[in-house]
Asks: 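Have a look at this one.
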Amino acid sequence: MESPLIREAHLLEQGIQALSGLLGPEWQVTQRPNKSKAFDAALEVRADGDSTFTQLLVEVTRAAPPRFVMERLVPKVELLREVNHYTNLLVIAPWISSQARELLRQNGIAYLDLTGNVDIRVPRPAIIIHTVGAEKAPRSAAREASRTTLAGVKAGRLVRLLADVPPPHRATDLHRDSTLSLPYVSRLLDALEDQLLIRREGRTIANVDWAQLLRARAHETSLLASGSYQGFLAPNGVPALLREIPSLSTEYVDGLSVTGSYAAQRYVQVAVGGQLMLYVGPWLNIDGVADELGLLPVTEGADVLLLSEPDSFVRRRSEFVDGVQYVAPSQAALDCLAGPGRMPAEGEALLDFMEACPQEWRASKNDV
């Protein structure tokens, strides 16, 4: 197995090659003796025939989560600027998340990842490079980071609990309320702390950035994943269909829950109408539900989507309105953010409402 030093040396070599390719043949990128133990390498960058050059001090890392940026890199660059205002810090990594990239830009730290996310701005000689690469971590980068992600059903449970219930939280309480294993909960909380989505004081979660947490979860999921839904047409229109649902038998009323645009429109109005999206409980069959509601299967122009319920937690803290079950605002926001078309805009509008009116949707400790 390669040692960490060998892997980082290879990563540095790849980063230098990528930088040279971006600058082109009229520029020279030279690795100089590194006199500082605080950085992994020192690069000199100059145009051919120009005596002016810039020095880039390089931090090579296999993972650059937001916590790493704020707690390690920002203090370094602040100290560096006290000594030499014109020396620049460059981070080289296999992949850097959008949140970490934003923090790096805000603090004037250059970055380059091997998927093509690059932002380097040097005043003298004038160098401005900004390119966009992968928005999601490639598998190789994910293995390097070896972190639990926000994808999957289990992560969805923990996200809903952290969003819906104000802190403080303890891992043991989240383990109990989610029925997830304690080791998994602990690993995911570590990952969330690295992403600055939670803040702990000792073993207690003291703060949750729930809005950013919902965005991060939605970024890792797709509401309309392949094979998870079927499209239908309501012959009498969606409003008539919603009026019909309360007259069905209990197993149907309890097993159908509205999400997406119609759930968001209970709180915010970005646009009128849209597709009616209904989660279908596991004890129901989508074709059977369609027959019960008189829906017509279509391949295009569907105004009703029946989605297979991925987990019972999507109905957690749902509410019946006029006999129809609607998912909780946090679930509606998640699904809108992970949906197609105008739905992400509806999700953002719903997040704005949730931030302004937490008393309208957040639970108390006694309502977990």
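Numbering of residues begins at 1 and proceeds along the displayed sequence.
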Asks: Are D173 and R176 within salt-bridge range, i.e. N to O under 4.0 Å?
Replies: yes
Asks: Closer than 3.5 angstrom, by distance alone: can the side chain of T61 be matched with the main-chain N or O of A63 as a donor-acceptor pair?
Replies: yes
Asks: With a 4.5 Å cut-off on side-chain heavy atoms, are P166 and W210 touching?
Replies: no
Asks: Is there a side-chain contact between L23 and V45 in this structure, where contact means two heavy atoms from C-beta onward sitting under 4.5 Å apart?
Replies: yes
Asks: Assess the residue pair E44 and Q55 against the criterion (side chain to side chain contact (heavy atoms under 4.5 Å, CB included)); give the C-alpha distance rounded to whole Å, side-chain angles, the decisive distance to 0.1 Å, and a yes or no.
Replies: CA-CA 5 Å; E44 182 182 286; Q55 180 176 251; 5.9 Å; no
Asks: Is D194 salt-bridged to R67, cutoff N-O under 4.0 Å?
Replies: yes
Asks: Main chain of I128, side chain of R121: is a donor-acceptor contact present, judged purely on distance under 3.5 Å?
Replies: no
Asks: Ignoring hydrogens, what is the shortest heavy-atom contact between N107 and V77? Give both atom names and the distance.
Replies: O-CG1, 4.3 Å
Asks: Does the pair E292 and L284 meet the rule for a side chain to side chain contact (heavy atoms under 4.5 Å, CB included), with working shown?
Replies: CA-CA 11 Å; E292 188 74 15; L284 297 175; over 6 Å; no
Asks: Suppose we screen for side chain to side chain contact (heavy atoms under 4.5 Å, CB included). Which residues come up paired with Q106, at least two apart in sequence or across chains?
Replies: E102, L103
Asks: Are L242 and Y262 side-chain neighbours, meaning at least one heavy-atom pair lies under 4.5 Å?
Replies: yes
Asks: So, D113 side chain and A93 main chain: donor-acceptor pair closer than 3.5 Å or not?
Replies: no
Asks: Establish whether L182 and L180 are linked, either directly or via other cluster members, by ILVMFWY side-chain heavy-atom contacts under 4.5 Å.
Replies: no
Asks: Can you tell me if Q359 has over 12 outside heavy atoms packed within less than 6.0 Å of its CD?
Replies: yes
Asks: Taking all non-hydrogen atoms of both residues, which atom of M343 and which atom of L223 are closest, and how far apart?
Replies: CE-CD2, 3.7 Å
Asks: Begin from the C-alpha positions of L90 and L112 and carry the test side chain to side chain contact (heavy atoms under 4.5 Å, CB included) through to its verdict.
Replies: CA-CA 7 Å; L90 170 66; L112 181 154; 4.2 Å; yes
Asks: Show the nearest heavy-atom pair for residues V270 and A349, with the distance to one decimal.
Replies: CG2-CB, 3.4 Å
Asks: Salt-bridge test for E220 and K136: reply yes if a basic N is under 4.0 Å from a carboxylate O, no otherwise.
Replies: no
Asks: Is there a donor-acceptor contact under 3.5 Å from the side chain of D40 to the main chain of V60?
Replies: yes
Asks: Is any side-chain heavy atom of L162 less than 4.5 Å from a side-chain heavy atom of H169?
Replies: yes
Asks: I'd like to check the ring pair (Phe, Tyr, Trp, His ring centres under 6.0 Å) partners of Y267; sequence neighbours left out, ordered by chain and number.
Replies: F353
Asks: Are L11 and I92 packed together at the side-chain level, in the sense that at least one heavy-atom pair is separated by less than 4.5 angstrom?
Replies: yes
Asks: For D311, enumerate each residue passing the side chain to side chain contact (heavy atoms under 4.5 Å, CB included) test, keeping only those at least two apart in sequence or located in another chain.
Replies: V153, R157, F313
Asks: Should L276 and L248 be counted in the same cluster of Ile, Leu, Val, Met, Phe, Trp and Tyr side chains packed under 4.5 Å apart?
Replies: yes
Asks: Side chains of D352 and E355, heavy atoms from C-beta outward: is any pair under 4.5 Å?
Replies: yes
Asks: If Ile, Leu, Val, Met, Phe, Trp and Tyr residues are connected whenever their side-chain heavy atoms lie under 4.5 Å apart, and connections chain through other members, are L174 and V314 in the same group?
Replies: no
Asks: Are the charged groups of R160 and D164 less than 4.0 angstrom apart, N to O?
Replies: yes
Asks: For R315 and Q325, run side-chain hydrogen bond (donor to acceptor under 3.5 Å, both in side chains): C-alpha distance rounded to whole Å, both residues' side-chain angles, the deciding distance at 0.1 Å, then the answer.
Replies: CA-CA 9 Å; R315 282 179 282 112; Q325 184 175 203; 5.2 Å; no
Asks: Just checking, any donor-acceptor pair under 3.5 angstrom between side chains of N88 and T54?
Replies: yes
Asks: Taking the side chain as C-beta and beyond, is there a heavy-atom pair between V58 and L43 under 4.5 Å?
Replies: yes
Asks: Just wondering, do M354 and R362 contact through their side chains at under 4.5 Å, heavy atoms?
Replies: no
Asks: Yes or no on side chain to side chain contact (heavy atoms under 4.5 Å, CB included) for R266 and V321, after CA distance, side-chain angles and deciding distance?
Replies: CA-CA 10 Å; R266 290 184 58 210; V321 179; 3.5 Å; yes
Asks: Going by an N to O cut-off under 4.0 Å, is there a salt bridge joining E193 and R199?
Replies: no
Asks: Considering non-hydrogen atoms only, spot the tightest contact between V253 and I245 and give its length.
Replies: CG2-O, 3.4 Å
Asks: Find out if a path of hydrophobic residues (ILVMFWY) with successive side-chain heavy-atom gaps under 4.5 Å connects Y111 to L89.
Replies: yes
Asks: Between S97 and A100 (side chain of the first, backbone of the second, donor and acceptor by atom type, cut-off under 3.5 Å), is there such a pair?
Replies: yes
Asks: Over all heavy atoms of both residues, which pair between V280 and L306 is shortest? Give the atoms and the distance, please.
Replies: CG2-CB, 4.0 Å
Asks: Strictly below 4.0 Å, N to O, side chains only: are K76 and E78 in salt-bridge contact?
Replies: no
Asks: Check for me, please, whether V304 and V298 land in the same ILVMFWY cluster - side-chain distances under 4.5 Å, paths through other members count.
Replies: no
Asks: If I compare all heavy atoms of W361 with all of S330, which pair ends up nearest, and what's the gap?
Replies: CZ3-CB, 4.3 Å
